[in-house]
Amino acid sequence: MPSLETRVDIVTTEIPKLAESAARHRQVGRPATDITHLIFSTYSGCNAPSADLKLASLLGLNPSVSCTILSLHGCSGGGRALQLAKELAENNREARVLVACAELTLICFSNPDESKIVVHGLFGDGAGAIIVGTGPLVNAERPLFEMIVASQTTIPGTEQALGMQTTGSGIDFHLSIQVPTLIKNNIRQCLLDTFQSVGNVDPNWNDLFWAVHPGGHAILDNIEGELQLQPAKLAASRHVLSEYGNMSGTTIAFVLDELRRCREKEGDEHQQPEWGVMLAFGPGITIEAMPCLEQLLPLLLTAARAHSTRKALLRSSPSALQTRQISSGIQKRYIHLDEKLIREHPEIIDKHMPSLETRVDIVTTEIPKLVESAAQKAIAEWGRPATDITHLIFSTYSGCSAPSADLKLASLLGLNPSVSRTILSLHGCSGGGRALQLAKELAENNRAARVLIACAELTLICFSNPDESKIVGHGLFGDGAGAIIVGADPLVDGERPLFEMVLASQTTIPGTEHALGMQTTSNGIDFHLSIQVPTLIKDNIRQCLLNTFRSVGNMDPNWNDLFWAVHPGGRAILDNIEGELQLQPAKLAASRHVLSEYGNMSGTTIAFVLDELRRRREKEGDEHQQPEWGVMLAFGPGITIEAMVLQYA
């Protein structure tokens, strides 16, 4: 019996409460309102607004807290969240980043059979919270560990070894018996490469402390044997596995906390290793590695648990699929779904037939191919080889499986196995804006980094037989892909930047949790869109922009002195922004053109708008007569407003 909706309803309520208990568990001497960023990792979330927004509300965080949700990183989710938190904290010295992880196996539980018995005997529920920052206050903050350097490595050819897929009956995991051996065969070189980046070319593994994600008994045994570790080195990981099981991305918080407890219990810190390493393993197989010091500078303060001013640069390139004519005020859109596909898969338009697996199978194949065409265009225009890409951020709501489209795109483009990948799947129409903000942080904190942002959507994942309640969505959304390359310090002879990202902000409008969102069901993704959304944006956009521009010293901006890159969520949204800010009609021309020609492609759309702005500027010429400064806006579940101050480079 299809049960995904039942499971989602339960975890939607319980996951934030479980994470709240971990987040509140330890007092750090400062109020929750001092938290500036929240990164939430969970595979149990299949809807938006997600657990990050609900946790922020439960904790009383500021509406301006910058929220990122990670849902498709599996057991490496905690490690990926910590690596992102490290970048955010190092690039914003006053920032305090709350990393929250929570899992409920209810989302994947089924009547045990021979193929599932290992999973049912291995996974457990739990939540963990870690606060990350730099420059700890002497009398108020006591750091535990310092995150020195971080790496991510994907073992080639392991796409089918470890993963998960959302089905009509919940999330289905697949775990090859080869996983422990694959990790064993690659762990030494992965660690050597990571430690070489901090000048240690011949580390003695037994001189370190170890925080290893206990994916299973065999994984720990193989790592211990391959590196010839003393039995006590993995004691914290083995204890957590024994007492709690594998809680996916949450588990690493328990291991760090256990290391802290053991150190406090044993005392005599000078007899214990100063340096250590953290390891986590996720779909791919992906290895997240991080050398640490036993006094945390960026990884600040607390590992808790609970049970049951620089600038970055960007360029863009859009891509889309075959044309289909519709009549909704939008002139045309591009969608993958056609009559042939419907004849082959009639369950797609029959709401009484579960069709999620069919949809996921199609988009899993088509999304990477679609976005590859956009990425190839962006890389060609950039003028450097794809192997110079150091980070990949992929935003899509169309992805319901892991390994995700980011890994497949990396393979198609020939990126290095060490490229650092982040998948964003629950940010909806603000996904492109969220990806740009994260890329800005990564590029500013790693001056040689080049971050490829890839966005792609196929409405096939949410299409259904139109009825009165769905007609607006069917007349509004379209398919497309966009790619943007972000970096700092452009090479004089080799890189031509288009825009400069000066400052970014994120604001959640209080009380709008039910105004705009999506939920995964056994029939695909179901969107809900309140008719109040344009009015809610109108009533809040001015103050949001004023707060953002004050951060760059502009207390009284003239809105018509700016260029505008606005996500065209719909005609009413654009009309309301234009009216509220008294914009000249031409100011939103790029957004209106994209809406007319392509429809709303969710998070992908902002890449099309930026590209349209670039085309118009090149066509009109005489750059000195055009605004130098501008603003980018995107809107997502919450309602969340992503805002960014831009400058033509």
Side-chain angles (χ1 to χ4, degrees), residues 72-74 76 79-80 83-84 86-87 148-163 182-183 185-199 201 277 279-291 312-315 317 368-369 371-395 402-424 435 438-439 441-443 445-454 483-491 494-495:
L72 292 175
H73 286 273
S76 64
R80 179 91 301 249
Q83 291 204 21
L84 287 177
K86 175 181 182 291
E87 302 283 358
I148 305 298
V149 70
S151 71
Q152 185 191 78
T153 303
T154 301
I155 303 175
T158 60
E159 294 83 355
Q160 307 302 320
L162 174 63
L182 289 165
I183 291 174
N185 293 342
N186 289 273
I187 195 65
R188 182 184 295 273
Q189 191 59 53
C190 171
L191 288 170
L192 287 172
D193 292 342
T194 303
F195 273 87
Q196 282 173 7
S197 64
V198 291
V201 297
V277 63
L279 291 170
F281 316 103
I285 298 167
T286 299
I287 302 175
E288 304 269 359
M290 188 182 300
L313 311 160
L314 59 92
R315 64 174 67 244
S317 177
K369 292 191 295 187
V371 77
E372 180 194 13
S373 62
Q376 293 284 17
K377 292 178 185 178
I379 291 171
E381 184 178 340
W382 173 44
R384 292 175 59 179
T387 50
D388 285 355
I389 298 293
T390 58
H391 298 72
L392 169 61
I393 302 175
F394 201 122
S395 173
S404 304
D406 59 332
L407 181 62
K408 294 168 187 173
L409 177 63
S411 176
L412 288 171
L413 295 176
L415 306 187
N416 284 319
S418 60
V419 69
S420 178
R421 295 177 291 104
T422 301
I423 184 83
L424 305 175
L438 288 178
E441 302 282 0
L442 292 169
N445 197 45
N446 305 273
R447 307 299 284 184
R450 291 300 180 264
V451 186
L452 172 61
I453 294 173
I484 297 171
I485 295 174
V486 177
D489 299 336
L491 302 178
E495 296 175 311

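Values below: every heavy atom of this structure, side chains too, minus hydrogens, waters and symmetry copies.
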J.: Please name the pair of heavy atoms, one in A443 and one in G487, separated by the smallest distance, quoted to 0.1 Å.
T.: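 Minimum heavy-atom contact is CB-CA, 3.8 Å.
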
J.: Can you tell me how far CG of L191 sits from CD1 of I287, rounded to the nearest 0.5 angstrom?
T.: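 One finds 7.5 Å between CD1 of I287 and CG of L191.
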
J.: Within this structure, what is the CG-CG distance for the pair D388 and L452, rounded to the nearest 0.5 Å?
T.: 12.5 Å

J.: Report the residues that fulfil side chain to side chain contact (heavy atoms under 4.5 Å, CB included) with Q189, sequence neighbours left out, ordered by chain and then residue number.
T.: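 Expected list: L192, D193.
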
J.: Please report the interatomic distance CG(L438) to CD1(I393), rounded to the nearest 0.5 Å.
T.: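 Those atoms lie 5.0 Å apart.
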
J.: Quick one: list whatever passes side chain to side chain donor-acceptor pair (under 3.5 Å) with R450, sequence neighbours left out.
T.: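 For R450 the side chain to side chain donor-acceptor pair (under 3.5 Å) partners, ignoring immediate neighbours, are E495.
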
J.: Below 3.5 Å, can you tabulate the donor-acceptor pairs from side chains in residues 408-417 to any protein atom, sequence neighbours excluded?
T.:
{"residue": "N416", "atom": "ND2", "partner": "T387", "partner atom": "O", "Å": "3.0"}

J.: Going through the checks in order, is the side chain to side chain contact (heavy atoms under 4.5 Å, CB included) test met by F394 and L72?
T.: CA-CA 11 Å; F394 201 122; L72 292 175; over 6 Å; no

J.: With a 4.5 Å cut-off on side-chain heavy atoms, are L491 and R384 touching?
T.: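 Result yes, sub-4.5 Å side-chain heavy-atom pair found.
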
J.: Sequence neighbours left out, what passes side chain to side chain contact (heavy atoms under 4.5 Å, CB included) with T154? Give chain and number order.
T.: T286, L407, R421

J.: So how far is it from I389 CD1 to W382 CH2, rounded to the nearest 0.5 Å?
T.: 4.0 Å

J.: Do you know the tightest heavy-atom contact between C190 and A289?
T.: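 C190 and A289 have their closest heavy atoms at SG-CB, 4.3 Å.
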
J.: Residues in side chain to side chain contact (heavy atoms under 4.5 Å, CB included) with I285, at least two apart?
T.: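 I285 satisfies side chain to side chain contact (heavy atoms under 4.5 Å, CB included) with I155, T158, A161, L162, V179, L182, I183 only.
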
J.: Report the residues that fulfil side chain to side chain donor-acceptor pair (under 3.5 Å) with T194, sequence neighbours left out, ordered by chain and then residue number.
T.: S151

J.: What are the two closest heavy atoms between A439 and V451, and how far apart are they?
T.: CB-CG1, 3.8 Å

J.: For the backbone of T422 and the side chain of H73, can you confirm whether one donor and one acceptor N or O come within less than 3.5 Å of each other?
T.: no

J.: Short question: side chain of N446, backbone of L442 - any donor-acceptor pair under 3.5 Å?
T.: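 Checked: pair present.
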
J.: When S420 is tested against each of Q83, H391, Q152, R80 for side-chain hydrogen bond (donor to acceptor under 3.5 Å, both in side chains), which residue passes?
T.: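 Single side-chain hydrogen bond (donor to acceptor under 3.5 Å, both in side chains) partner of S420 among Q83, H391, Q152, R80: R80.
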
J.: Indicate the atoms forming the closest heavy-atom contact of G163 with P283, along with that distance.
T.: CA-CB, 4.4 Å

